[in-house]
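All figures in this text were calculated on a predicted structure; none of them were measured in a lab.
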Amino acid sequence: MEGRYGDGMTSVQTPRNQSDNVGPLDHAGNTGGVAPQQSAFSHQYSGQMPADNTYGNNNYSNTGNEYSTGMNEKTMLDRQEAQPDEKMGTIGVTEAEEVYQARAAIHEGEYSGLLGMIHNPFTAATAIFASLGGLLFGYDQGVISGVLVMQFFEAKFPLSASDKGFIVAILELGCWFGALCCGYLADRLSRKYTIVMASCIFLVGTALQTGAQSRSYLYAGRFIAGLSIGSLSMVVPLYQSEISPPSIRGSLVALQQFAITVGILISFWIDFGTNTIQSDTQWRLPLGLQLILGAILALGILFFPHSPRWLMAQGRDDEAARVLSKLRRKPVDSPLVVAEWSEIKAVVEFDKEVARRDFPQYADGSGRSNFMLGLMRYRELFRPGIFPRLCIGVLVNFFQQFTGINAVIYYAPTIFQSIGLSGTSTSLLATGVVGIINVVFTIPAVLFLDVIGRRPLLLGAAVMLTISHVIIAIMIGLYSSDWPAHAAQGWVAVAFIYVYIASFACSWGPIGWVLPSEIFPLRVRAKGISISASSNWMNNFIIALITPPMLQAWNWGAYVFFAAFCFLAFFWVLIFVPETKGRTLEEMDEVFGSKAGTVDVQLMQRIEGDIIRRRRSSFVQV
Ligand code: BGC
């Protein structure tokens, strides 16, 4: 197996783990502890740190978040680049073997799907609870279509068609903005507190809508709720993916999609139910019910842990170890916890060193410098190793929306009427069935995403979505002039709408959120996900705007339009999207064949080497 960090430790041939999931030994720091001084974790696991606490020859002093160097960083790095071997030392077969074994510990004996969740009950429970954010997303997105046509709502707010369109669309604009802003906040405040903040904002937005006295309450409420939904749509998958072991990461993030679909479904049936109430409660109740969910999320998430990866990035190494131990239900010094902790640690150290090298002017640890470093990370998203991943995050969401899913979800009753299902209740019922299929077919994704993988599902579904659109277009094109005489063909169209929804639900729906949450390196992960999620919302907004006129003007042509994007999506996945199933978040550089520069390679190699040497020497001390 060829390592990608040159021929130090990583080019040593090592046997492969039972599963193919263990890749070449890139971030090989996963065996040891670069533990902070007097760290409970390091004490338990690997004894004391070397007294001088030096980090290689770098005089690297790790005291929480601070780094003090006795030497100009640039000079230091230049020297290291000039004499890598002298600085790094040579790492031999034994260490490589050790690294390999610890790395394998992360993957070994891991179950996926339902079994994996049962074996990781605390992690699964945390991810399930966080997915309440998805429930709010789906409910809020879905509830409005029913409310807008309720008798008492229309009496109180006589709105034109374009006003109604604006009320729908303003949520998506808020979402777009919320998702975009939250990249910074998720790093600064933590993933967990960003969820709390977003839920509180949600309460404000929802309260305004529920108690609306004039249309300006509605506009403001929708926009504010949008800010929160957009934020939750990025921070929940981020949090879920960062607490997950690789074997069930896809499943746990797919829970967010499951919750979205349940939210859409519940909102539809609640609208359906309250429609019969003969007062303003008819529309205030479905809007107000969301307050309960928002409050549960805001308060409940406080009882769950921080993301261990975020903790580590803050220098809270001990806490990260304790959280990992709790999430994995293994002692803090078990090989698995140590391996995972060390792998994350190596990446965090690497990220910090790269930041100090690339932005020495912001290395003083001051608040202003940290803020500037945060902003600089956005620039990093456009660097060669990362930009292709940003494109994947943005494009998977572009294609997710341009499959036409929301054209079907938002305008299902109109579509069903146009294909000959006459009568409001028939078309409403058909729409309710869309919701049920959407929920039911998300379950296979939750169970099997980590078994089947992302690529096969995206590719298979792109084919099915294209076929479904084409068949619907043919049925409408040929028979819409006289549906009563072609009832069978009308039902074929309905059936293919259902096939379409089922195909989307087990693939592009969940994977649109899973993929961005796992492809970015830690230092830019929150920002990368935030831009990817904002792409989802911007494209969602565009679809909401263009669908009604398109259905009206092009009729069956609208389905051909979406079929073309599904067709394109197939080739895009085929050519550009790698498989990420079963890999740790720290292995993604390797998945993307990152062309890290030689300097970065040497830097990582030195960090990895140091972690191993430190671990060995600490064993000697113990
Ligand atoms: C999409 C939403 C869509 C929903 C349908 C989500 O993944 O982002 O726009 O309405 O799936 O289930």
Side-chain angles (χ1 to χ4, degrees), residues 131-150 164-179 198-199 201-203 205-206 208-210 218-219 221-237 255-272 283 286-291 293-294 297 397 400-401 403-414 431-432 434-439 442 501 504-505 508-510 512-513 533-545 547-548:
S131 66
L132 258 184
L135 201 72
L136 293 180
F137 168 167
Y139 189 97
D140 207 44
Q141 189 182 274
V143 75
I144 199 71
S145 54
V147 164
L148 286 176
V149 294
M150 285 179 183
K164 286 185 177 176
F166 188 61
I167 286 184
V168 173
I170 198 171
L171 177 94
E172 280 135 26
L173 281 184
C175 289
W176 169 76
F177 195 65
S199 310
I201 295 177
F202 181 81
L203 294 180
T206 306
L208 280 171
Q209 294 173 65
T210 309
L218 289 174
Y219 293 147
R222 291 288 288 170
F223 184 75
I224 294 171
L227 291 177
S228 134
I229 298 293
S231 309
L232 289 172
S233 76
M234 69 110 340
V235 73
V236 168
L255 283 172
Q256 136 119 341
Q257 175 69 12
F258 182 68
I260 295 173
T261 58
V262 171
I264 296 176
L265 184 68
I266 294 178
S267 74
F268 175 83
W269 290 109
I270 285 186
D271 279 352
F272 197 72
W283 59 272
L287 290 174
L289 280 176
Q290 308 174 90
L291 289 168
L293 293 176
L297 181 59
N397 278 298
Q400 190 212 54
Q401 290 300 313
T403 56
I405 181 66
N406 286 319
V408 175
I409 294 213
Y410 294 161
Y411 303 103
T414 325
T431 310
V434 164
I436 293 170
I437 293 181
N438 201 10
V439 172
T442 308
I501 293 286
F504 176 91
W508 286 84
W513 301 105
S534 73
S535 152
N536 186 291
W537 289 109
M538 184 43 77
N539 289 301
N540 190 332
F541 172 69
I542 294 170
I543 294 289
L545 279 187
T547 301

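Atom-to-atom distance recorded for Ile437:CD1 and Leu265:CG is 11.0 Å, nearest 0.5 angstrom. Note that CZ of Phe223 is 7.0 Å distant from CG of Leu173, once rounded to the nearest 0.5 Å. Distance check, rounded to the nearest 0.5 Å: CD1 of Ile260 to CG of Leu136 gives 11.0 Å. Distance check, rounded to the nearest 0.5 Å: CG of Asn540 to CD of Glu172 gives 4.0 Å. The distance from atom CG of Asn536 to atom CH2 of Trp176, rounded to the nearest 0.5 Å, is 14.0 Å. The CG atom of Leu255 sits 12.0 Å away from the CG atom of Leu135 when rounded to the nearest 0.5 Å.
By the neighbour-count criterion of 12 heavy atoms within 6.0 Å, atom OH of Tyr219 is densely surrounded, having more than that number from other residues, nucleotides or ligands.
Using cut-offs of 30° and 60° on the angle between ring planes, the pair Trp537 and Phe137 is tilted. Note on ring orientation: taking the six-membered ring where Trp is involved, the planes of Phe272 and Trp269 are perpendicular (angle over 60°, cut-offs 30° and 60°).
Side-chain contact between Pro286 and Tyr139 is present, with heavy atoms from C-beta onward closer than 4.5 Å. No side-chain heavy atom of Ile405 sits under 4.5 Å from any side-chain heavy atom of Trp508. At least one side-chain heavy atom of Leu297 sits less than 4.5 Å from a side-chain heavy atom of Leu232.
A distance-only check finds a donor-acceptor pair linking the side chain of Asn539 to the backbone of Ser535 [under 3.5 Å]. Using modelled atom types, one side-chain atom of Arg222 and one backbone atom of Ile167 make a donor-acceptor pair closer than 3.5 Å. Listed for the Gln290 side chain is a donor-acceptor partner under 3.5 Å among the backbone atoms of Leu287. No donor-acceptor distance shorter than 3.5 angstrom exists from the side chain of Ser228 to the backbone of Ile224, with no hydrogens or angles considered. The closest donor-acceptor contact from the side chain of Ser267 to the backbone of Ile264 lies under 3.5 Å.
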> Yes or no on side chain to side chain contact (heavy atoms under 4.5 Å, CB included) for Trp513 and Ser233, after CA distance, side-chain angles and deciding distance?
Replying inline: CA-CA 8 Å; Trp513 301 105; Ser233 76; 3.9 Å; yes
*asked:* With side chain to side chain contact (heavy atoms under 4.5 Å, CB included) as the criterion, how do Met150 and Asp271 come out once you've worked through the C-alpha distance, each side chain's angles and the decisive distance to 0.1 Å?
replied: CA-CA 9 Å; Met150 285 179 183; Asp271 279 352; 3.8 Å; yes
Self-check item: Evaluation steps, side chain to side chain contact (heavy atoms under 4.5 Å, CB included), between Phe504 and Gln400
Solution: CA-CA 9 Å; Phe504 176 91; Gln400 190 212 54; 3.7 Å; yes
Determine, step by step, whether Ile266 and Leu289 satisfy the side chain to side chain contact (heavy atoms under 4.5 Å, CB included) criterion, reporting the C-alpha distance in whole Å, the side-chain angles of both residues, the deciding distance to 0.1 Å, and the verdict.
CA-CA 11 Å; Ile266 294 178; Leu289 280 176; over 6 Å; no
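When all heavy atoms of Asp140 and Ala225 are compared, the pair lying nearest together is OD2-CB, 3.7 Å. The shortest non-hydrogen separation linking Ala179 to Ser534 is CB-N, 3.8 Å. The two atoms that bring Ser199 and Gly294 nearest to each other are CB-O, 3.7 Å, heavy atoms only. Considering every non-hydrogen atom in both Ala533 and Met234, the closest pair reads CB-CB, 3.8 Å. In terms of heavy-atom proximity, Ile543 sits nearest to Thr547 at O-OG1, 2.6 Å. Heavy atoms only, all atoms of each residue included: Gln256 and Pro237 are closest at NE2-CG, 3.7 Å.
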